[in-house]
Asker: 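Quick one: the structure is below, and I'll ask about it shortly.
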Amino acid sequence: RPGRTLCPRMGDVNGHGLSRNIPAAVKRQVRQACGFGCVICGAVIVEYEHVDPPFAWATSHDPAAIALLCPQCHAKVTRKFMSKATVSAAMNAPICKRQGYASEVFELGQASPILVFGGVTLHECPIPVQVKGLPLIQVQPGEEPGAPFRLTGTFCDGTGLPSLEIIENEWRPLARNWDMEAVGGVITVRQGPGGVSLRLRVELPDRLVVERLDMFSGGYRIVGDPSSLFIVTPGGGTMTMTGGLMSHCGVGLALE
């Protein structure tokens, strides 16, 4: 009926009236404190867990009392195979902060992956992107028949510091980033408030799309969006690439 207020569903709020919906700013503080991965194992795919006090007793969403846990570690806590005390101890020294990165693995199949780099599509290129003779991204076949292709590469932020490393399909967002989140098949790395240095979309089974990019590498400034690449050379010159397909070549896009 017009003007009718719907009551929250049971479980959406606790006994203190606190909603399960954690504000975005609080989630970001939790991600920063935990190093962008599970405080126990370092996995990137995570959930937010109220630790002390637990959600049932919480009166506010205090970032200092919330941890990132992967679904498996979260299930261990829920099913009483891991104590809250263990999680609290891990929050004081998150594994991602200690090793310098969180980690997860791309699911690549037996077909050569397709890379869309700022609107430029690269396929069957062992080195899709190269900067000053060094592969920025490299694709290798599986080590044995039936094994998945292997993707290796490094993305930097606008200052030239690495923000996301890929080592044979294992992707590692660095804990030094200002912010990083992985939701709905999209990896977003932010250099600062409103500053997206990388947005990478995974389209299964074999397509990776660099939707946003703002990086500095080898003296080149590379800025990309879904339709184009804008490049500033070490000498101050500029060039723009809009779309295009590069296929079956040793090196796709070379900045020399």
Asker: Could you tell me if the side chain of L161 sits less than 4.5 Å from the side chain of L174, heavy atoms only?
Answerer: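 Sidechains of L161 and L174: no contact.
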
Asker: Go through the steps for L151 and L115 under the test side-chain contact (heavy atoms from CB on, under 4.5 Å), then give the verdict.
Answerer: CA-CA 10 Å; L151 181 69; L115 175 67; over 6 Å; no

Asker: Does V30 share a hydrophobic cluster with M91, counting links as ILVMFWY side-chain heavy atoms below 4.5 Å and allowing steps through other members?
Answerer: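 Different clusters: V30 never reaches M91 through Ile, Leu, Val, Met, Phe, Trp or Tyr contacts under 4.5 Å.
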
Asker: Residues in ring-ring contact (aromatic ring centres under 6.0 Å, His included) with F106, at least two apart?
Answerer: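 With neighbours one apart ignored, the set is W171.
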
Asker: Hey, is E181 close enough to R28 for a salt bridge, meaning N to O under 4.0 Å?
Answerer: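 Not counted as a salt bridge, because no side-chain N and carboxylate O are separated by less than 4.0 Å.
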
Asker: Taking all non-hydrogen atoms of both residues, which atom of V39 and which atom of C34 are closest, and how far apart?
Answerer: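 Smallest interatomic distance, heavy atoms only, reads CG1-SG, 3.5 Å.
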
Asker: Supply the atom-to-atom distance I231 CD1 to T238 OG1, rounded to the nearest 0.5 angstrom.
Answerer: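 The CD1 atom of I231 sits 10.0 Å away from the OG1 atom of T238.
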
Asker: Look at the side-chain heavy atoms of Ile, Leu, Val, Met, Phe, Trp and Tyr, link any pair under 4.5 Å apart, and say whether V209 and V129 land in one connected group.
Answerer: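 No; V129 is not reachable from V209 via cluster members.
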
Asker: Say whether I114 and V251 are linked into one hydrophobic cluster, either directly or through other cluster members, by side-chain heavy-atom distances under 4.5 angstrom.
Answerer: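 Different clusters: I114 never reaches V251 through Ile, Leu, Val, Met, Phe, Trp or Tyr contacts under 4.5 Å.
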
Asker: Any side-chain heavy-atom pair from M215 and L136 closer than 4.5 angstrom?
Answerer: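 They are in side-chain contact.
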
Asker: Would you give the length of the straight line joining atom CZ of F55 to atom CD1 of I66, rounded to the nearest 0.5 angstrom?
Answerer: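 Here the rounded value is 10.0 Å.
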
Asker: Under a 4.5 Å cut-off applied to non-hydrogen side-chain atoms, are I95 and I40 in contact?
Answerer: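 A side-chain contact under 4.5 Å is absent here.
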
Asker: Write down the atom of W178, the atom of Q191, and the distance for their closest heavy-atom approach.
Answerer: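 Heavy atoms of W178 and Q191 come nearest at CB-O, 3.4 Å.
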
Asker: Mind checking whether E211 and V196 have side chains closer than 4.5 Å, heavy atoms only?
Answerer: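 No, every pair of side-chain atoms sits at 4.5 Å or beyond.
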
Asker: Starting from the C-alpha separation in whole Å, work towards a yes-or-no answer on side chain to side chain donor-acceptor pair (under 3.5 Å) for T159 and D157.
Answerer: CA-CA 5 Å; T159 69; D157 62 20; 2.7 Å; yes

Asker: Show the nearest heavy-atom pair for residues G218 and V131, with the distance to one decimal.
Answerer: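 The pair with the smallest heavy-atom distance is CA-CG1, 4.0 Å.
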
Asker: When you compare the side chain of V120 with that of L253, does any pair of heavy atoms fall below 4.5 Å?
Answerer: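 Answer no - side chains too far apart.
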
Asker: Would you confirm whether Y220, through its side chain, and E256, through its main-chain N or O, come within 3.5 Å as a donor-acceptor pair?
Answerer: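 Checking the backbone N and O of E256 against the side chain of Y220, a donor-acceptor pair under 3.5 Å is found.
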
Asker: Please report the interatomic distance CE(M180) to CD1(I187), rounded to the nearest 0.5 Å.
Answerer: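 Output value for this atom pair is 7.5 Å.
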
Asker: Do the side chain of T242 and the main chain of S228 share a donor and acceptor less than 3.5 angstrom apart?
Answerer: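 It does not hold such a pair.
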
Asker: Inspect the contact between R31 and D179 and indicate whether a charged nitrogen and a carboxylate oxygen are less than 4.0 angstrom apart.
Answerer: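 Yes, this pair counts.
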
Asker: Measuring from atom CE of M246 to atom CZ of F117, what distance do you get when rounded to the nearest 0.5 angstrom?
Answerer: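 Atom-to-atom, M246:CE and F117:CZ are 11.0 Å apart.
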
Asker: On a heavy-atom basis, which atom in C96 and which in G35 lie closest, and how many Å separate them?
Answerer: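 Shortest heavy-atom contact: CB-O, 3.4 Å.
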
Asker: Evaluate the ring planes of H61 and H50, with Trp represented by its six-membered ring, and classify them as parallel (under 30°), tilted (30 to 60°) or perpendicular (over 60°).
Answerer: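 Tilted: the ring planes of H61 and H50 meet at 30° to 60°.
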
Asker: What I'd like to find out is whether the side chain of E165 reaches to under 4.5 Å of the side chain of P173, using heavy atoms alone.
Answerer: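 They are not in side-chain contact.
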
Asker: Please report the C-alpha distance between C38 and L69 in whole Å, then the side-chain angles of each, then the deciding distance to 0.1 Å, and finally whether the side-chain contact (heavy atoms from CB on, under 4.5 Å) criterion is met.
Answerer: CA-CA 4 Å; C38 175; L69 291 175; 4.1 Å; yes

Asker: Atom CZ of residue position R79 - does it have more than 12 heavy atoms of other residues, nucleotides or ligands inside 6.0 Å?
Answerer: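 No, because the 6.0 Å sphere around CZ of R79 holds 12 heavy atoms or fewer from other groups.
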
Asker: Any donor and acceptor pair, going by atom type alone, linking the side chain of D214 with main-chain N or O of G158 inside 3.5 Å?
Answerer: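 Here the side-chain-to-backbone pair does not exist.
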
Asker: Are any of the side-chain heavy atoms of K132 and P234 separated by less than 4.5 Å?
Answerer: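 In short, these two side chains touch, coming nearer than 4.5 Å.
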
Asker: Would you give the length of the straight line joining atom CD of E104 to atom CZ of R172, rounded to the nearest 0.5 angstrom?
Answerer: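 Those atoms lie 12.5 Å apart.
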
Asker: If I compare all heavy atoms of G252 with all of L122, which pair ends up nearest, and what's the gap?
Answerer: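 Answer, listing the atom of G252 first, then L122: CA-CD2, 3.7 Å.
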
Asker: Verify the cluster assignment for V44 and L198: are they in a single hydrophobic cluster under the rule of side-chain heavy atoms below 4.5 Å apart?
Answerer: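 Shared cluster, yes.
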
Asker: When you measure from the side chain of N169 to the backbone of F149, do you find a donor-acceptor pair of N or O atoms at a distance under 3.5 Å?
Answerer: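 A pair under 3.5 Å: yes.
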
Asker: For atom CD of E107, decide whether the heavy atoms of other residues, nucleotides or ligands shown that lie under 6.0 angstrom number more than 12.
Answerer: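 For E107, atom CD is not crowded (no more than 12 foreign heavy atoms under 6.0 Å).
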
Asker: Does V183 belong to the same Ile/Leu/Val/Met/Phe/Trp/Tyr cluster as V46, with side-chain heavy atoms less than 4.5 Å apart forming each link?
Answerer: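 No; tracing contacts between hydrophobic side chains, which count when under 4.5 Å, never links both residues.
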
Asker: Locate the shortest heavy-atom distance separating G250 from P126; write the atom from each residue and the value.
Answerer: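 Shortest heavy-atom contact: O-CD, 3.5 Å.
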
Asker: Donor-acceptor pair, Q99 side chain versus Y101 backbone, under 3.5 Å?
Answerer: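 Looks like yes, one N/O pair under 3.5 Å.
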
Asker: Any chance you could lay out the side-chain contact (heavy atoms from CB on, under 4.5 Å) test for F155 and I166, step after step, and finish with the verdict?
Answerer: CA-CA 9 Å; F155 291 93; I166 306 171; 4.1 Å; yes

Asker: Rounded to the nearest 0.5 Å, how far apart are CG of D12 and CZ of R20?
Answerer: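 Reported to 0.5 Å precision, the distance equals 7.5 Å.
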
Asker: Go through the steps to decide whether D225 and F230 satisfy the test side-chain contact (heavy atoms from CB on, under 4.5 Å), and finish with yes or no.
Answerer: CA-CA 9 Å; D225 61 30; F230 177 74; over 6 Å; no

Asker: Is atom CD of Q72 surrounded by more than 12 heavy atoms (other residues, nucleotides or ligands) closer than 6.0 Å?
Answerer: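 Atom CD in Q72 is not packed in, count stays at 12 or less.
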
Asker: Taking R150 for the side chain and P141 for the main chain, is one N or O donor matched with an acceptor at less than 3.5 Å?
Answerer: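 Such a contact is found between R150 side chain and P141 backbone.
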
Asker: Any side-chain heavy atom of V202 within less than 4.5 Å of one from L208?
Answerer: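 In short, these two side chains touch, coming nearer than 4.5 Å.
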
